[in-house]
Amino acid sequence: MPRPGKMADSRTRQQAGPLASSSSAGHDLPSAKRVSVLVGTRSVPLLPGRPLIDNSRSPWTGLVMEKHRLGAVAIPVHEHDTFCLHLQTSGPVEMDWHSSGRSGRVRSGAGNLIFLSPGTRDSMLWHGPSHRIVTSIQPTLLRQAAEQMELKGLYDFDNQWSFQDEQLQLLLTEMDREMAAGWPMGSLYGDLLGMSLSIALIRKYGHTSSALVPLKGGLSQPRLKHVLAYIEESLDRDIRLQELAELAGLSSFHFARSFRQSVGATPHQYIVQRRVQRAKELLLRPEWSIEQVASATGFAGASQFSRAFRQSAGVTPTEWRRKV
């Protein structure tokens with residue numbers, strides 16, 4: 001399948017970035033988990049100071065997120081080698097931007113977004129304090145999502161310096177919550193969030209000449225049976241979306257949709273349900289501690305186990321054990 005690239009006529013686009021970009025001089029997989037940009041040939045953090053929260057220990061791949069509290073600050077000229085998505089969580093604040101011979105001033109508040117493509121060269125000046133979540137998305141992540149969606153042809157993205165999008169805001173807020181909590185929901189949930197973010201960006205803001213291929217039915221019974229059996233055997237460990245998709249012989253995008261159509265729940269929701277059910281069986285054994293049950297059912301710790309169990313059963317594991 002041909003990979004998407006930059007559309008031939010980009011003169012009407014504002015420094016648009018292609019998905020097929022090789023991300024400039026091998027920066028596609030940076031080792032440091034900071035939202036970084038290029039200044040000359042050096043890769044440096046986009047925003048000054050230390051983040052309030054970062055995802056240096058996250059299970060996410062192809063995506064870096066930080067949460068910042070900024071004062072009035074100028075960001076000097078730099079170049080993006082990834083997609084960059086800002087969500088402002090406080091305000092209002094005025095910002096001047098300069099990019100590719102163009103400039104503007106925006107007054108933004110909580111919920112406003114900025115979306116910039118690889119190859120964008122710009123500078124910014126915030127005239128007052130703000131809180132913001134900043135996310136760097138590797139071009140490979142969107143390229144893989146586009147390929148899995150079976151999108152063909154050439155497409156790219158416009159830069160946007162101030163806009164509102166409820167879906168993107170909800171996704172970034174949920175990712176921020178997961179980051180702040182220490183990623184208790186595990187890798188598969190992170191995979192689903194990253195895929196959902198990539199798909200939303202492509203569908204809403206990608207310029208493409210092809211339409212999304214419609215989903216045809218759920219998983220076949222043999223494939224579904226194989227996947228469910230694998231899940232049962234793996235409830236005690238962290239499961240990735242890609243390994244389940246490979247078992248079904250599908251892309252992650254089509255697997256997640258087909259699984260939900262067949263089972264009535266996302267892969268993550270189904271796995272949590274099965275882990276809680278397995279936990280109930282183990283809680284009937286008085287010699288097993290809560291911590292041992294949590295570990296045996298794939299939860300990151302007793303607190304995550306207790307939270308998931310309460311959401312499913314309406315009581316904590318200790319209360320459930322006492323009642324039965």
Side-chain angles (χ1 to χ4, degrees), residues 5-21 23-25 27 30 34-49 51 64-139 142 154-166 168-169 172 197 200-202 204-207:
K6 190 169 185 176
M7 296 181 71
D9 184 9
S10 62
R11 288 174 295 180
T12 60
R13 304 269 168 80
Q14 177 191 144
Q15 192 65 31
L19 285 188
S21 166
S23 280
S24 179
H27 288 276
R34 285 294 307 270
V35 176
S36 299
V37 292
L38 296 174
V39 176
T41 60
R42 295 187 303 119
S43 180
V44 301
L46 169 62
L47 298 180
V64 179
M65 175 177 278
E66 298 172 352
K67 190 170 189 176
H68 285 265
R69 181 192 296 119
L70 296 177
V73 62
I75 308 298
V77 176
H78 57 275
E79 181 178 340
H80 295 269
D81 59 350
T82 66
F83 292 92
C84 188
L85 185 63
H86 293 239
L87 170 63
Q88 187 172 325
T89 59
S90 71
V93 65
E94 290 189 341
M95 180 193 71
D96 295 328
W97 60 268
H98 302 271
S99 179
S100 302
R102 303 183 59 166
S103 62
R105 171 172 287 198
V106 295
R107 181 176 175 84
S108 58
N112 271 73
L113 293 142
I114 300 172
F115 180 51
L116 305 176
S117 301
T120 300
R121 186 174 176 82
D122 67 273
S123 63
M124 296 175 286
L125 170 62
W126 279 290
H127 292 276
S130 66
H131 291 72
R132 58 189 58 246
I133 299 166
V134 186
T135 306
S136 171
I137 307 161
Q138 293 294 331
L142 269 69
L154 305 176
Y155 58 94
D156 58 5
F157 296 81
D158 292 335
N159 288 336
Q160 301 199 50
W161 290 96
S162 181
F163 69 106
Q164 294 270 346
D165 187 309
E166 184 178 359
L168 292 182
Q169 182 179 352
L172 291 174
L197 182 64
L201 289 171
I202 291 169
K204 293 186 173 186
Y205 304 105
H207 298 279

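For the numbers below, each heavy atom of this structure counts, side chains included, while hydrogens, waters and symmetry mates do not. Given the structure is predicted, the values throughout are model-derived calculations rather than measurements.
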Would you say that His127 contacts Leu125 through its side chain, given a criterion of any heavy-atom pair below 4.5 Å between the two side chains? yes

Minimal non-hydrogen separation, Thr120 against Ser99, with atom names: CG2-OG, 3.8 Å

Atom pair CE/CZ of Met95 and Arg107 - distance to nearest 0.5 Å: 13.0 Å

Nearest-0.5 Å distance that lies between atom CH2 in Trp97 and atom OG in Ser123: 10.0 Å

Determine, stepwise, if the pair Ser117 / Asp156 fulfils side-chain contact (heavy atoms from CB on, under 4.5 Å). CA-CA 9 Å; Ser117 301; Asp156 58 5; over 6 Å; no

Output all residues satisfying salt bridge (Lys or Arg N to Asp or Glu O under 4.0 Å) with Asp122, sequence neighbours left out; order by chain, then residue number. none

Heavy-atom closest pair (Pro45 atom, Arg34 atom, distance to 0.1 Å) is CB-NH2, 3.5 Å

Does any non-hydrogen side-chain atom of Ile137 lie less than 4.5 Å from one of Leu201? yes

Sub-4.5 Å side-chain heavy-atom contact between Cys84 and Ile114: no

We want to know whether Arg69 and His131 form a side-chain donor-acceptor pair, criterion being a heavy-atom distance below 3.5 angstrom. yes

Aromatic ring pairing Phe83/Phe157, orientation class (parallel under 30°, perpendicular over 60°, tilted between): perpendicular

To the nearest 0.5 Å, how far apart are CG in Asn159 and CG in Leu116? 5.0 Å

Short question: side chain of Ser136, backbone of Val64 - any donor-acceptor pair under 3.5 Å? no

Set of residues satisfying side-chain contact (heavy atoms from CB on, under 4.5 Å) with respect to Pro48, sequence neighbours excluded: Leu70, Val73, Ile75

Donor-acceptor pair, His78 side chain versus Pro76 backbone, under 3.5 Å? yes

Determine whether Leu38 and Ser43 make a side-chain contact, defined as any pair of heavy atoms from C-beta on separated by less than 4.5 Å. yes

Correct closest heavy-atom pair for Val39 and Val77 would be CG2-O, 4.0 Å

Looking at CG of Leu87 and NZ of Lys67, how far apart are the two atoms once the value is rounded to the nearest 0.5 Å? 9.5 Å

Lys204/Leu168 under side-chain contact (heavy atoms from CB on, under 4.5 Å): CA gap, chis, key distance, verdict: CA-CA 10 Å; Lys204 293 186 173 186; Leu168 292 182; 5.5 Å; no

From CD (Gln88) to CG (Leu113), nearest 0.5 Å: 9.5 Å

Quick one: do Phe115 and Asp165 satisfy side-chain contact (heavy atoms from CB on, under 4.5 Å)? Show the steps, please. CA-CA 11 Å; Phe115 180 51; Asp165 187 309; over 6 Å; no

Scanning both residues in full, the closest heavy-atom pair of Thr89 with Arg132 reads OG1-N, 3.8 Å

What distance separates Met124 CE from His86 NE2, expressed to the nearest 0.5 Å? 4.5 Å

Do Ser162 and Ser108 have a side chain donor and acceptor closer than 3.5 Å? no

Exercise: identify the closest heavy-atom pair between Gly119 and Glu79: CA-OE2, 4.0 Å

For side-chain contact (heavy atoms from CB on, under 4.5 Å), just list the numbers for Leu47 and Val35, CA-CA rounded to whole Å, side-chain angles, deciding distance to a tenth of an Å, and then say yes or no. CA-CA 8 Å; Leu47 298 180; Val35 176; over 6 Å; no

Quick one: salt bridge (Lys or Arg N to Asp or Glu O under 4.0 Å) partners of Arg105, sequence neighbours excluded? Glu94, Asp96

Are the side chains of Val44 and Val37 in contact, using a 4.5 Å heavy-atom criterion? yes

Shortest non-hydrogen pair, Gly49 vs His68, comes out as O-CE1, 4.2 Å

